Amino acid sequence: MKKIVVTGVAGFLGSHLAKDLIDQGHEVIGIDNLSSGKIKNIMELNKKKFTFINIDVCSDELLLNPQFNNIDEIYHLASLASPKYYQALPLETINVNTLGTINMLELAKQNRAKILFASTSEVYGDPEVSPQSETYKGNVNTWGPRACYDESKRLGEVYCYLYYSLFQVKVRVVRIFNTYSAGLANDDGRVISNFVTQALTGKDITVYGSGEQTRSFCYVTDTINGFKKMMENENATGEIINIGNPTEYTIIEIAHLVKKLTNSNSKIVFLPLPEDDPQQRKPNIQKAKRLLNWEPTVPIEEGLKLTIEMYKEKLGK
Ligand code: NAD
Ligand code: UDP
């Protein structure tokens, strides 16, 4: 049994990961300040194995708290993550990915623990190459609404690099590509939760721009398996690894697929494209295959069907 810290535990990926780790017999200490996460996401977790601490990961108090003695691993997932949230709280987003990441790296250093930092495909910005491999340096705008997220994740990666090279902290950085399941709150604002909620409630399906922009969607169980493989595998120490599903879709294709799978009469409507919205996104996952023997297994139709069934229950349909 390991003692594992999960930051961002009340969010979509954090709550899923914590449940998985507890089911495997580990003890989890979860941290969250509930800025976008919801307490109901962690209500069901086994109390004997799970402790929740409601605190900002940037807080100085964290490093003095004896509850964090003798930890083995840290999954640092805390961050505003949906464009809706990080654009509403841009300064908090910068803080959590920089000051919060330093705090977690210090905690890893104190405990000689392994740490995984949740970075993002957004570090590639609006990419000029496709697919994006870890060696691509990105095309990011510092002067726009996405900069707070993209650039603070990039700086978070720099801190990981420095703690690895200066202090030999066992870091690994995961660049996560769009992940989905019904674990996304209905009001999260990201595209799959919006489209499925709209289709099931008979509201208009809101495509931004022409819908010709692309994303590559990974089902949550695949992404979480990727995180765990990265943590377990010594090959991942000091590495940045893309975790995502390389099957690319246009957003309009996703709108039609959701409409078909939900049997919905909702209309597809077109709204203005948000500023700096990346035109394409598709991971190169050769490194994950080679170092971790990881690749996604859930095709989008299957993942969407599971998502739709679970959203139906949540919405009482
Ligand atoms: P989420 O918004 O559902 O969860 C993030 C959690 O972090 C929330 O519970 C929030 O309350 C918490 N949090 C935010 N700031 C905090 C702070 N200062 N102190 C403590 N807790 C704080 O998002 P998610 O989709 O679960 O994303 C988890 C991580 O993965 C994030 O770091 C995100 O940037 C990264 N990521 C996710 C995706 C994806 O598709 N889900 C893609 C790329 C990167
Ligand atoms: N999008 C959309 N309608 C929505 C929500 C999002 O067309 O209701 C588009 C958005 O403009 C982007 C893509 O879907 O091109 C993915 O958006 P999301 O917010 O899920 O994540 P991103 O990858 O942009 O961070």
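Whatever order the structure lists them in is the order used to number ligands and atoms, beginning at 1. Remember, predicted model here, so these are calculated numbers, not experimental data.
At a heavy-atom distance under 4.0 Å, only backbone atoms of Ile55 (N, CA, C or O) approach ligand 1. Residue-level proximity to ligand 1 for Lys38 is absent, since no heavy atom of it falls below 4.0 angstrom. Residue contacts with ligand 1, taken as heavy atom pairs separated by less than 4.0 Å, involve Arg190 solely via side-chain atoms from C-beta onward. Of all the heavy atoms of Tyr149, the ones lying under 4.0 Å from any atom of ligand 1 belong exclusively to the side chain. Residue Asn178 touches ligand 1 through its backbone alone, judged by heavy-atom distances below 4.0 Å. Contact annotation for Asn97 and ligand 1: no heavy atom of the residue comes within less than 4.0 Å of the ligand. Neither the backbone nor the side chain of Ala185 comes within contact range of ligand 1; no heavy atom lies under 4.0 Å.
Rounding to the nearest 0.5 Å gives a distance of 8.5 Å between CG of Asn242 and NZ of Lys287. In this structure, CZ on Arg172 lies 10.0 Å from CD1 on Ile115, to the nearest 0.5 angstrom. In this structure, OH on Tyr219 lies 11.0 Å from CD1 on Ile300, to the nearest 0.5 angstrom. Between the CG atom in Leu63 and the CG atom in Asn103 there is a gap of 4.5 Å [rounded to 0.5 Å].
Polar contact check, Asp188 against ligand 1: no nitrogen or oxygen pair lies under 3.5 Å apart. At under 3.5 Å, not a single nitrogen or oxygen of Leu80, backbone or side chain, sits near a nitrogen or oxygen of ligand 1. For ligand 1, the polar-atom distance check against Ser82 finds no nitrogen or oxygen pair separated by under 3.5 Å. At a 3.5 angstrom cut-off on N or O pairs, Gly37 counts as close to ligand 1. Residue Gly11 has at least one N or O atom closer than 3.5 Å to an N or O atom of ligand 1.
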Full working for side-chain hydrogen bond (donor to acceptor under 3.5 Å, both in side chains) between Gln87 and Tyr149: CA-CA 8 Å; Gln87 291 176 21; Tyr149 184 67; over 6 Å; no
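Close contacts of ligand 1 with Val96, meaning ligand atoms under 4.0 Å from a residue heavy atom, involve 15 (N), 16 (C), 17 (C), 18 (N). With ligand atoms numbered from 1 in the order given, ligand 1 contributes 11 (O) to contacts under 4.0 Å with heavy atoms of Leu34.
Note: the hydrophobic cluster containing Ile74 also contains Val158 (ILVMFWY, side chain heavy atoms under 4.5 Å, direct or indirect links).
Ligand 1 is never approached by Gly100 to a heavy-atom distance shorter than 4.0 Å. Look at Ser119 and you'll find a heavy atom under 4.0 Å from some atom of ligand 1. Asp32 counts as a contact of ligand 1, since one of its heavy atoms falls under 4.0 Å from the ligand.
Of all protein heavy atoms, the one lying nearest to atom 2 (O) of ligand 1 is Ser36 OG, 2.8 Å. The nearest heavy-atom contact from the protein to atom 22 (C) of ligand 1 is Asn33 OD1, 3.1 Å. Here the protein heavy atom with the shortest distance to atom 6 (C) of ligand 1 is Gly8 CA, 3.6 Å. Looking at atom 30 (O) of ligand 1, its nearest protein heavy atom turns out to be Ile176 CD1, 3.4 Å. Protein heavy atom in closest approach to atom 19 (N) of ligand 1: Val57 N, 3.0 Å. At the top of the distance list for atom 5 (C) of ligand 1, counting protein heavy atoms only, stands Ser79 O, 3.2 Å. Ranking the protein heavy atoms by distance from atom 27 (O) of ligand 1 puts Ala81 CB, 3.7 Å first. Looking only at heavy atoms of the protein, atom 28 (C) of ligand 1 is closest to Leu77 O, 3.4 Å.
Side-chain atoms of Thr206 and Gln198 form a donor-acceptor pair, as typed in the model, at a separation below 3.5 Å. In the model, Asn284 has no side-chain atom that pairs as donor or acceptor with a side-chain atom of Ser133 under 3.5 Å. In summary, the side chains of Thr101 and His76 do present a donor paired with an acceptor at a separation below 3.5 Å, with no hydrogens or angles considered. Asn141 and Asp276 form a side-chain donor-acceptor contact under 3.5 Å, judged by distance and modelled atom types alone. For Glu157 and Ser119, the side-chain atoms include at least one donor-acceptor pair closer than 3.5 Å. Side-chain atoms of Asp204 and Ser266 include no donor-acceptor pair closer than 3.5 Å. In this structure, a donor-acceptor pair under 3.5 Å is absent between the side chains of Glu248 and Ser216. Side-chain contact annotation: Asn97 with Lys153, donor-acceptor N/O pair under 3.5 Å present.
No side-chain donor-acceptor contact under 3.5 Å links Asn33 to the backbone of Ile55. Here the side chain of Asp32 pairs a donor or acceptor atom with the backbone of Ala10 at under 3.5 angstrom.
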May I have a table of the N/O to N/O pairs between ligand 2 and the protein that fall below 3.5 Å, each row giving the two atom names and the distance to 0.1 Å?
unit_1	atom_1	unit_2	atom_2	d
ligand 2	3 (N)	Thr206	O	2.6
ligand 2	7 (O)	Tyr208	N	2.8
ligand 2	8 (O)	Asn194	ND2	2.8
ligand 2	8 (O)	Thr206	O	3.3
ligand 2	8 (O)	Thr206	OG1	3.0
ligand 2	8 (O)	Tyr208	OH	3.4
ligand 2	11 (O)	Asp277	OD2	2.6
ligand 2	15 (O)	Gln213	NE2	3.0
ligand 2	15 (O)	Arg215	NH2	3.3
ligand 2	15 (O)	Asp277	OD1	2.6
ligand 2	15 (O)	Asp277	OD2	3.3
ligand 2	20 (O)	Val191	N	2.8
ligand 2	23 (O)	Asn178	ND2	2.9
ligand 2	23 (O)	Arg215	NE	2.7
ligand 2	23 (O)	Arg281	NH1	2.6
ligand 2	24 (O)	Arg146	NH2	2.9
ligand 2	24 (O)	Arg215	NH2	3.1
ligand 2	25 (O)	Arg146	NH2	3.0

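Grouping Ile, Leu, Val, Met, Phe, Trp and Tyr by side-chain contacts under 4.5 Å, direct or through others, puts Leu273 with Tyr208, Leu271.
Only one option out of Lys228, Lys2, Lys170 pairs with Glu73 in a side-chain hydrogen bond (donor to acceptor under 3.5 Å, both in side chains); it is Lys2.
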